[in-house]
Amino acid sequence: MRRRLCAVVVAAVLAAAAPAAVIIGGGGQPAEASSTPGANDGRGQGVVTPGGSGNTTNDPADEAASGDPMNGAAGGRRTASPARAGTSAAAATQPSGGGSGRGPALTGPLRALAARRGVSVGATVLTSSSLTDAQYAAVLGGEYSMLTPENDMKWSAVHPQPGVYGFVAPDLDVAFAQSHGMAVRGHNLAWWADNPTWLTTIPYTRDQLIGILHDHIQTVVGHFRGKVAQWDVVNEGLSGGFWWDRIGPEYIDMAFRWAHEADPAAKLFYNDAGDEGLGGHSDAVYNLVRGLKQRGVPIHGVGLESHFDLNPPPLHDIAANMARLNALGLESAITEVDVRVRVPPSAFDLERQRVIYNGLLATCLAAANCKTFASWGFTDKTSWVPSAYPGYGAALPFDAQYAAKPAYYGMRAALGG
Ligand code: G3I
């Protein structure tokens, strides 16, 4: 705390000088960027004065000088030219990092920058019908190297009637991914939500439900065998709900074993929200997956959904959580990131959003076991946020007209772009 206090004081002094140097972080680790400057626990060093209060140098060299990806954020103002994403223009608007000591800023789409760092940058396709929008398809296929069907692989979509499976929509999603050289994250095989009425209303016995879940996982995973790189096998499973209440917690072990049988090459994840940093729910997820590992259940990683507002968990807590999962031999993937702001968004909030995207991606890059950074959508045009959080939105790297937002450049800066 004392160290942080002097950091804040230093930060304030420096802020007067050259804000780009304000963000103090140790060892390449991005300092937490306070989403609320000066807020609560002394994370005030995020005194990024977005929106050009005149005391920022707006000099990319600054940005590059510190080599601290967070500084990418500080220099964010270059996002003034909302070049159309996925076009060379977006990359072309990148200032050269000349004189930065970090070498020229890398060009190319996000996916190319991420590939250099051994990471996949992903985004969801809302439903296969979204792909009929040429600009939507161009940005998704051009900027991202991993695709998650946001809804087309869920129970209600693929298993609409008892014993009846519909793969038309997810097959289109997978075909799109394959034609754009994208990996696929399957989402999801057992969840408390979005289950079809027939499943939740017919009074099946426990044994019948075990049979139904087994058949579903074998059929769905089998159908996409060799085409899906990662599966969210169980989603938000600790929240109780249908499978937990009707079969018991052991459904989780069963689901992972059956998914592995159906496609031994696919990486299997337990995916949840509120498990990103440290704390009660994150500890519960940690204990769950440690137990699975101890019982020899085939699990390969934990998904950290990361649906945030401008007050995300501290980055050092997320880094510590990733490290302890790594110690269990598990990957930690950012699977559903979005950062909601009040709408219409202020330049100040968009800059803070940029800092959060930048910091979270930098934290993933710095972790030994984080190879996936995926957002829940990519354009504000199809985000789930406004329907779930009235008055909020603008949570994604591209706006509703597919223009790149500061958040997009925050991600590029973390990737060296
Ligand atoms: O496709 C039908 C359309 O034919 C119909 O006209 C329309 C009106 O009812 O509904 C459409 O389906 C909707 C679907 O999204 C596609 O837009 C469903 O009603 C709606 O419930 C569904 O919401 C999704 C929600 O999960 C429930 O599955 C959201 O898009 C999706 O963003 C959200 O995603 C979840 C993750 O799976 C798990 N983590 C949290 C995340 C956000 O809640």
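Residue indices begin at 1 and follow the sequence shown. In listed order, ligands and their atoms are each counted from 1.
- The nearest protein atom to atom 30 (O) of ligand 1, hydrogens excluded, is given as N151 ND2, 3.0 Å; this is a heavy-atom distance.
- Inside a 4.0 Å radius of atom 33 (C) of ligand 1 there is at least one protein heavy atom.
- For atom 37 (O) of ligand 1, the nearest protein heavy atom lies under 4.0 Å away.
- When K154, E236, E150 are ranked by how near their heavy atoms come to atom 26 (O) of ligand 1, first place goes to K154.
- The distance from the CG atom of L365 to the CZ atom of R117 is 4.5 Å, given to the nearest 0.5 Å.
- Counting only heavy atoms, the protein never gets under 4.0 Å from atom 4 (O) of ligand 1.
- Shown here for L361 and M411, the closest heavy-atom pair between the two residues is CD2-O, 3.5 Å.
- For ligand 1 and E305, the ligand atoms under 4.0 Å from any heavy atom of the residue are 39 (N), 40 (C).
- Between Y402 and Y136, the ring planes are perpendicular. Angles over 60° get that label, and only those under 30° would be called parallel.
- Looking at residues two or more places apart in sequence or on another chain, you find no side-chain hydrogen bond (donor to acceptor under 3.5 Å, both in side chains) involving Q161.
- Less than 4.0 angstrom separates some heavy atom of N235 from each of these atoms of ligand 1: 38 (C).
- Taking any N or O of D194, backbone or side chain, at least one lies under 3.5 Å from an N or O belonging to ligand 1.
- Proximity of atom 40 (C) of ligand 1 to the protein is indicated by at least one non-hydrogen atom lying closer than 4.0 angstrom.
- Using a 30° and 60° split on the angle between ring planes, H187 and W376 fall in the perpendicular class, above 60°.
- Scanning the protein heavy atoms around atom 35 (C) of ligand 1, the nearest turns out to be W376 NE1, 3.8 Å.
- Near H187, meaning under 4.0 Å from one of its heavy atoms, ligand 1 places the atoms 36 (C), 37 (O), 38 (C).
- One side chain, T372 or Q230, offers a donor N or O that lies under 3.5 Å from an acceptor on the other.
- Atom 7 (C) of ligand 1 is not flagged as protein-proximal [any protein heavy atom, distance under 4.0 Å].
- At a distance under 4.0 Å, no protein heavy atom can be found next to atom 20 (C) of ligand 1.
- In terms of polar-atom proximity, W384 is not counted as a contact of ligand 1, lacking any N or O under 3.5 Å from an N or O of the ligand.
- No part of N271 comes within 4.0 Å of ligand 1, judged by heavy-atom distances.
- Scanning the protein for heavy atoms near atom 1 (O) of ligand 1, the closest one is T127 CG2, 4.6 Å.
- Side chain to side chain, S332 and N369 meet the donor-acceptor criterion of an N or O pair below 3.5 Å.
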Problem - Audit row: F308, L360, side chain to side chain contact (heavy atoms under 4.5 Å, CB included) steps and yes/no - result: CA-CA 11 Å; F308 296 145; L360 192 61; 3.9 Å; yes
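- Ring-plane geometry between W244 and Y251 is classed as perpendicular, the angle between the planes exceeding 60 degrees on a 0 to 90 degree scale with a lower cut at 30.
- Ring geometry for W198 versus Y204: interplanar angle over 60°, hence perpendicular rather than tilted (30 to 60°).
- Ligand 1 has an N or O atom lying under 3.5 Å from an N or O atom of E336, backbone or side chain.
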In residues 385-398, what donor-acceptor pairs under 3.5 Å come from side-chain atoms, sequence neighbours left out?
{"residue": "S387", "atom": "OG", "partner": "W384", "partner atom": "O", "Å": "2.7"}
{"residue": "Y392", "atom": "OH", "partner": "R342", "partner atom": "NH2", "Å": "3.4"}

